[in-house]
Amino acid sequence: MSSPLSPGLYIVATPIGNLSDLSPRAAETLCNAALILAEDKRVSAKLLAHAGSKAPMQAYHDHSDEGLRDSVLARLGGEAVALISDAGTPLISDPGYKLVRAARAAGYAVHTVPGPCAAIAALTLAGLPTDRFLFAGFLPAKAKARADAIAELARIRASLVFYESGPRLAESLAALREGLGKRDGAVVREISKLHEETVIGTLAQLAERYADNPPRGEIVIVVGPPAQPEAPSDDALDFALREAMADQSVSRAAADVATRLGVPRKRAYARALELGDES
Ligand code: SAM
């Protein structure tokens with residue numbers, strides 16, 4: 001089918017629903033690898049049959065014992081070993097990070113065969129800003145830890161992307177509404193499958209819609225960034241600068257106020273200099 005692969009570790013992305021999304025290069029890599037590391041061999045058997053690969057499989061998780069990792073590393077100098085997960089891109093809320101780190105530390109080649117990833121696919125469907133986003137993986141299951149995690153994300157000026165499951169969706173949406181306030185969001189479900197669905201609304205609308213109605217299937221939640229704060233009036237800026245300059249240098253006061261009020265540093269600094277001259 002193709003030339004043999006050069007030795008090393010191959011991180012191979014696989015479909016998240018529609019088997020036709022397996023790229024020709026991914027199929028070729030799976031056919032030519034000497035060994036395929038998979039999360040769950042039964043899940044991946046179907047994909048390998050679709051790809052026409054007869055390569056042997058070995059179960060691998062990042063918590064697999066060191067002995068297994070060492071035996072995989074020992075093969076990377078002379079053979080091509082592919083890592084796949086049950087679906088999507090390995091290492092993204094899936095195993096592989098420790099193996100890549102160990103392979104790099106030992107000086108072996110690491111290649112990637114990019115492809116489907118639910119987080120990226122959801123961003124393309126949600127209609128929310130994509131210029132800056134933060135992938136936050138799964139929220140913690142326990143209420144306090146979940147609220148703390150959301151509080152940590154609340155100040156970030158970017159869209160947020162979470163992985164979720166049907167049974168936990170309602171709790172997570174309620175916690176997001178509580179912790180993030182009025183923001184737009186999207187619940188993206190079963191991407192690339194028969195029942196693919198994207199529901200958009202404010203977090204409050206989404207929380208209400210799913211409160212007693214847990215959906216089936218695999219889910220990504222996308223939350224839009226916080227609204228830009230309104231630019232402060234000249235009076236408000238002057239007041240904040242005067243207060244800050246009472247016990248800080250002009251430049252520190254300007255930087256502090258610029259961050260707090262969300263105004264450009266240049267504007268805060270120029271005004272701070274004027275106020276300094278006036279006094
Ligand atoms: N590594 C995978 C990737 O690249 O997307 C993610 C693996 S993570 C263990 C599984 C989570 O991904 C699911 O709980 C769900 O949140 C999301 N996911 C995977 N496939 C999906 C799909 N077809 N539609 C929506 N979400 C999906």
Side-chain angles (χ1 to χ4, degrees), residues 9-23 25-26 29-30 36-44 46-48 50-51 59-64 82-101 110-128 130 133-141 146 149-150 153 159-173 175-176 185-200 203 206 209-210 213-223:
L9 178 64
Y10 289 74
I11 308 301
V12 182
T14 61
I16 54 172
N18 189 325
L19 282 182
S20 303
D21 292 339
L22 185 75
S23 75
R25 186 170 164 235
T29 306
L30 296 178
I36 296 175
L37 303 174
E39 267 186 285
D40 184 328
K41 294 199 283 180
R42 276 172 312 172
V43 171
S44 294
K46 198 172 148 199
L47 176 78
L48 294 198
H50 172 82
Y60 177 82
H61 297 97
D62 271 339
H63 54 261
S64 293
L83 173 72
I84 58 177
S85 51
D86 286 353
T89 300
L91 281 84
I92 307 302
S93 287
D94 265 338
Y97 150 69
K98 286 187 180 171
L99 184 60
V100 170
R101 189 175 58 173
V110 180
H111 309 273
T112 192
V113 182
C117 172
I120 300 297
L123 280 164
T124 68
L125 290 167
L128 292 164
T130 50
F133 63 85
L134 186 141
F135 173 64
F138 290 94
L139 282 167
R146 186 168 52 219
I150 293 171
L153 296 169
S159 291
L160 305 173
V161 184
F162 301 94
Y163 281 164
E164 198 43 274
S165 65
R168 281 180 28 182
L169 179 66
E171 277 186 0
S172 291
L173 287 171
L176 287 167
V187 172
V188 187
R189 210 167 60 79
E190 297 287 86
I191 300 166
S192 78
K193 302 185 196 176
L194 187 60
H195 298 293
E196 177 179 309
E197 177 187 64
T198 299
V199 176
I200 59 171
L203 287 177
L206 293 172
R209 173 180 173 133
Y210 291 106
N213 192 15
R216 287 174 185 274
E218 302 197 273
I219 293 164
V220 182
I221 303 174
V222 185
V223 180

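Counting starts at 1 for both ligands and their atoms, in listed order.
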Tell me if the CD1 atom of Ile200 is crowded by more than 12 foreign heavy atoms within 6.0 Å.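 No.
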Neighbour count above 12 (heavy atom, 6.0 Å) for Phe133 CZ: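 No.
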Does a side-chain N-to-carboxylate-O contact under 4.0 Å join Glu190 and Arg216?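 No, no charged N to carboxylate O under 4.0 Å.
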Verify whether one side chain among Ser85 and Asp94 offers a donor that lies under 3.5 Å from an acceptor in the other.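 There is such a pair between these side chains.
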Answer with yes or no after comparing the ring centroid distance for Tyr163 and Phe135 against a 6.0 Å cut-off, counting only values under it.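 Ring centroids of Tyr163 and Phe135 are less than 6.0 Å from each other.
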Begin from the C-alpha positions of Val199 and Arg209 and carry the test side-chain contact (heavy atoms from CB on, under 4.5 Å) through to its verdict. CA-CA 10 Å; Val199 176; Arg209 173 180 173 133; 3.7 Å; yes
Distance under 4.0 Å, heavy atoms only, partner ligand 1: which residues pass?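 Within 4.0 Å of ligand 1, the protein residues are Ile16, Ala87, Gly88, Thr89, Ile92, Ser93, Asp94, Cys117, Ala118, Phe138, Tyr163, Glu164, Glu190, Ile191, Lys193, Glu218, Ile219, Val220.
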